[in-house]
Structures are given as structure tokens and as C-alpha cells.
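Note that the structure is predicted; figures quoted are calculated from it, not measured. The sequence lines fix the lettering, A, B, ..., with proteins before strands; numbering per chain opens at 1.
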Number of protein chains: 4
Amino acid sequence: MSDEFRHRTRIDVRFRDVDAFGHVNNSVFLSYVEQGRIRYLSEALGRPISLTDVAELPLILARLAIDYRAPIFFGEQVEVGTRVDWIGRTSFAMAHRLTAGDDAHLVAETTSVLVSYDYSAGRPMPVPDDWRQRLEATEGRSLDRAAQGVA
Amino acid sequence: MSDEFRHRTRIDVRFRDVDAFGHVNNSVFLSYVEQGRIRYLSEALGRPISLTDVAELPLILARLAIDYRAPIFFGEQVEVGTRVDWIGRTSFAMAHRLTAGDDAHLVAETTSVLVSYDYSAGRPMPVPDDWRQRLEATEGRSLDRAAQGVA
Amino acid sequence: MSDEFRHRTRIDVRFRDVDAFGHVNNSVFLSYVEQGRIRYLSEALGRPISLTDVAELPLILARLAIDYRAPIFFGEQVEVGTRVDWIGRTSFAMAHRLTAGDDAHLVAETTSVLVSYDYSAGRPMPVPDDWRQRLEATEGRSLDRAAQGVA
Amino acid sequence: MSDEFRHRTRIDVRFRDVDAFGHVNNSVFLSYVEQGRIRYLSEALGRPISLTDVAELPLILARLAIDYRAPIFFGEQVEVGTRVDWIGRTSFAMAHRLTAGDDAHLVAETTSVLVSYDYSAGRPMPVPDDWRQRLEATEGRSLDRAAQGVA
């Protein structure tokens, strides 16, 4: 696959994103990723991007791993590639690839696990079938966890 | 003047900008303003937008007043209008007008004073003539403080 | 008055608060002020500091003016002095004085106006009598706006 | 080991740390971790906590993985436990354990890898012997990577 992240979110680096080291602070990468995640889910799940809907998404970010590959500088534009890798019973995995600059060089890669959560019951709940279908339609392939060879 | 803020900077509201009240946090408005201020100065003074140049600008934000007119919500785009109102001996004034949404309704107005500062000497220094000329060229009018009827 | 800000909130400067200029970013001062404002109101109004209560406070920050007096550096501690200056019919004024370092030198001063707001009706509402009494008890003096010689 | 994180950093949760979901935003956890990391290194390496020193630390955060265990709420205090797990030739690993509330319940765990970097040469450099000794003295044990059974 030459271009495995179909969904792209553009981010303008703000002066406030930069820290005393002169490049974008490590924590801000997660805000960029969050922006990509929310836009992806909003579009894939057919919900308008508004705060109410976002806050009502019954999701919890359970785990995230990030590899920092290169610094991001003020004045650059960042592109956040987002995809869903697999869907399990009560959780699913998202991956992100961040590039920056005119040459779109790699600046970070992340993997993350989100849990479908029933806030009223206070426990994980099965990923809704509707979501599964929409996410698979977005990715254009089966996302069944077992089929991905994931433990 | 039908359009008194010629310089515009577009800001995409991020999920991280929103606080527990469900709208963009009051402190984040100042980051939006900062983004407009830096882009304006970078363009007017003919410096590329890069961190090195920004950090070398011999400027201090001395004062800022902001009127919050309406909340900004996630999913909206903000436009920051920026202009220079007057230039004094060692300081100059900038104003910003923030609008949001498809109807570009007013969300905030700010006035601010910046001081031209000689960091090595540790004291204010006269606004460079070169800056004065470039800022007046950008605004298309004299910015002499006395001429503005400012105390 | 040798000590006119009775209420103090201590803030530990975080590395993330600092920007590329090497000192605390101008927008972060407003987060420090916010922290002082919320703690003051929480204590004066007899509400526990919890998010639910804070988000339910029927208040809007309408205006804020800040004078930046000195930079704040990483490793310093900031103290935010907070007081209420006057209470009008539907609004009241708060002032803050920020000091930093071992010598508690002045770093910023702010004045602000908050509006008592009825979110369900979508308009300002009179400041509750109960609030007026509690705020005056906290300040130890009358806060009637007219009596302050405020326009 | 009943208490494996000897180094502790206390963090006061700020209102600005909270997002529209009503708890501390996922990216802010990394700012808390950063605060713990910098204080640990500052103390272990015998450098005063000042920006200049921090910005001169020849270190790059290369990788971080975080497990979010529970939400953090406004009004809570967070404690960041920090330790060094191993030191390799040009990199070393830090782990953090975040707890919150009066019962110090677990809210997040992270592992991270930092690279000792020669900025002038633009490439990784061996971890200085001096650092190795100081970090081992802080942890009270050998930190040799091979000895930890790490690949």
C-alpha cells in the first residue's frame, strides 16, 4: 500500500505549540492526534463535528504509544493520517502517522486503543454493530481483530 | 471603513481549546490573537515565519485588554483580524477583531500595546524607522501616535 | 492597605507554560488568573472545588485587561492575589495581582468584569443576594458599585 | 518492592487541564509526566531547575507509551512517580506512575525512551559516564541495560 492512511487532517502549528526547546512540545503531538481522531470518527460515524456529539461518544482512550521521529517547527504544517486497524469486542485500534513540511517528512507515528464504554453502567460495552459497519466501510476492508493476526 | 482589519489569520478550533464549560477557554483567545499578531508582523516586516525570527523580534507584550462578545465552539473556524493603530517612540498599539462561524459573527475584540525592547541593554528602545515605514505601508496610512489623537 | 489581596493561590510554573521566548507565555497568565478566580469564588461562595460546581456557576467572563510587568521563568512559583472590587446589578469586578519568585516581585496585574448569566433564559440576571453577602463577607467591606465611585 | 518510585512530583490540576469531557485531557497527562521527568533529572544530575539548563540538556524524547487507568478530575492533586529503568549506550528508559486523589489511586502508567543527543553533530551520543553514575546513585542499583534482561 503506497498510501495506507486515507484520512488526513491538516494542522497549522501555532506559536503556543512550541516550547523552550524551540520545537513543538511532546504533549502537543497528542492534541494533533486527537484532532485527527475526532475528525475521522465524526466523518466515519456520520456525526457532525460539534462538541455535544463528541462529548457523547461513548469512548475512552485506553492506551497510546508514540514514536517521535523528527521535531516539528513553527511555520510548518502538519498532516495527521488516521486509520482504524482492527475492531475487537469492546475495543478498537487506531493508528496515526504525522508528517510535516513541504516534503511531508515523517515526524511521528502512534498506535492507540479505544474502549467502547457505557458511562451509565460504568463498564465497557460491545462496539455497536453500526460503528463496525461504518468503520469497515471507511477503511474498505474487514477490521475483524482475529483476522488481523492480533493477539 | 467597511473593512478596517485588512490582515486576516484563520484558526481552526481544536478540541483541546475547549474547556469544561463546553466552549473555547478564555486564555486560548490570547493564543489566537498571538497567532494573528505574529503572522501580521512577520508579513509586514518582511521576515519569514520561523521560530528563530520570531524569538529574535525585540518586542514585549506590555498590555492587553479583551472583550469577550460570544462563545466560540468546537467545529467553528475563527478569523483574527489584525491591524496597527499607532506607533509611539518606543511602543506601538495593535488591535484585533475575532469572528467565528459561517456568518463571521463577532466573538472578541482586543487592544494591546507592544514595547520595542533592547534585551542586551535591558530597556525599551525606539521603534526602528524601518519598522515604522513597513507598518505604515501595510496599513496604508500614517500611524504617528500624536496624529491619532491618542494621549 | 499594605496587603490588599487577602486571597492567594499558589501556582507551580510548568515547563509546558514556557514558550520559545524562554518565559511563561502571555496566554498562560490567564490560566493562572483563572485558577485564582475559581478558587476564590469556590471558597467565598461556599462551594466545593469540583468540576460540576464550577461548570454550573452562572458566570461569564466579559472583559479582562492585563498589564505584563515582568517575565515569569520556569522554576519560579507564582502567587495569584485575588479580590472583588465592586458588585453591580448584573455584574461584578475582580482584580488580580501576580507575583513570582522568592522576593515576590510583581509580574502582572489584571482587572476583569464577570456577568451573572441565566443560561436558560439567555440573558444577564441580577447577582444573587446570597453571593453579594458572601463576597462582602470575604472582602470585609461593602462592595456596592456606586459606593466605589465607579461609573 | 512496596514503593518502587522513590521520586515524586506533585501537580495541582488546573481548570485549563480539563476538556469538554469533564476530566483532564489525554495530552495533559504528558505535561504532568514531563514535569516529573524534568524535576527528576534536574535533581539526579545536580542541575538547578532553570530553563537554561533544561533547554541545554542534550536529550530527545524518542518514544512514550501511556496506559490511561482512570480519569483525573479538577480539584484533585496528582503525584507523578518517576524512575530510571535502564541505561543503554546512547539511550535510557524512564517510567512514570501517576496517582491522584486522597487515596492515591492509579490514573496512568508510562514508559519512555530518551536519547542522549549531540545537537552540534546532529546524532546520538553515548550517555555521559557522569550521568550514568548519578542516575544509578539516585536509583540505588545498577541500571546497566543488559543486566535488566532488556532486548
Side-chain angles (χ1 to χ4, degrees), chain B residues 11 16-38 42 49-72 80 91 93-94 96 98 106-115 117 119 122-124, chain C residues 11 16-38 42 49-72 80 91 93-94 96 98 106-115 117 119 122-124:
Chain B
I11 307 272
R16 181 69 198 100
D17 298 343
V18 175
D19 66 20
F21 288 107
H23 45 246
V24 172
N25 183 262
N26 68 85
S27 72
V28 176
F29 282 64
L30 265 59
S31 295
Y32 294 174
V33 165
E34 178 174 63
Q35 199 69 2
R37 177 172 58 238
I38 289 175
S42 172
I49 301 185
S50 78
L51 189 71
T52 311
D53 283 288
V54 168
E56 282 174 358
L57 280 179
L59 283 177
I60 286 177
L61 177 62
R63 178 180 304 171
L64 186 141
I66 179 166
D67 284 278
Y68 298 96
R69 302 295 192 191
I72 304 175
V80 181
S91 63
M94 295 186 86
H96 302 270
L98 281 67
L106 181 65
V107 292
E109 292 172 292
T110 75
T111 57
S112 54
V113 175
L114 289 104
V115 171
Y117 199 80
Y119 277 98
R123 61 167 175 259
Chain C
I11 308 271
R16 182 68 198 101
D17 298 344
V18 174
D19 66 21
F21 288 107
H23 45 243
V24 171
N25 182 263
N26 68 85
S27 72
V28 176
F29 283 64
L30 266 60
S31 295
Y32 295 175
V33 165
E34 179 175 64
Q35 199 69 3
R37 177 170 60 237
I38 290 175
S42 171
I49 298 185
S50 79
L51 188 72
T52 311
D53 282 289
V54 168
E56 281 174 359
L57 281 179
L59 282 177
I60 286 177
L61 177 62
R63 178 178 305 172
L64 185 141
I66 179 164
D67 284 277
Y68 298 95
R69 302 295 192 191
I72 305 175
V80 181
S91 63
M94 295 186 87
H96 302 270
L98 281 68
L106 180 65
V107 292
E109 293 172 292
T110 74
T111 56
S112 54
V113 175
L114 289 105
V115 171
Y117 200 80
Y119 277 98
R123 59 167 177 257

K.L.:
Rounded to the nearest 0.5 Å, what separation is found between the CZ atom of C:Phe21 and the CD1 atom of B:Ile60?
P.N.:
10.0 Å
K.L.:
Please say whether more than 12 non-hydrogen atoms of neighbouring residues, nucleotides or ligands are located less than 6.0 Å from CZ in B:Arg69.
P.N.:
yes
K.L.:
Could you grab the distance from atom OG1 of B:Thr110 to atom CG of C:Leu64, nearest 0.5 Å is fine?
P.N.:
12.0 Å
K.L.:
Using 0.5 Å steps for rounding, measure from the CG atom of B:Leu30 to the CD1 atom of C:Ile66.
P.N.:
7.5 Å
K.L.:
Just to verify, what does C:Asn26 make a side chain to side chain donor-acceptor pair (under 3.5 Å) with, not counting sequence neighbours?
P.N.:
B:Glu34
K.L.:
Of the non-hydrogen atoms in C:Ser31 and B:Ser27, which two are nearest, and what is the gap between them?
P.N.:
OG-OG, 3.4 Å
K.L.:
Going by side chain to side chain donor-acceptor pair (under 3.5 Å), name the residues that satisfy it together with B:Asp17, two or more places apart in sequence or in a different chain.
P.N.:
A:Arg14, B:Tyr32
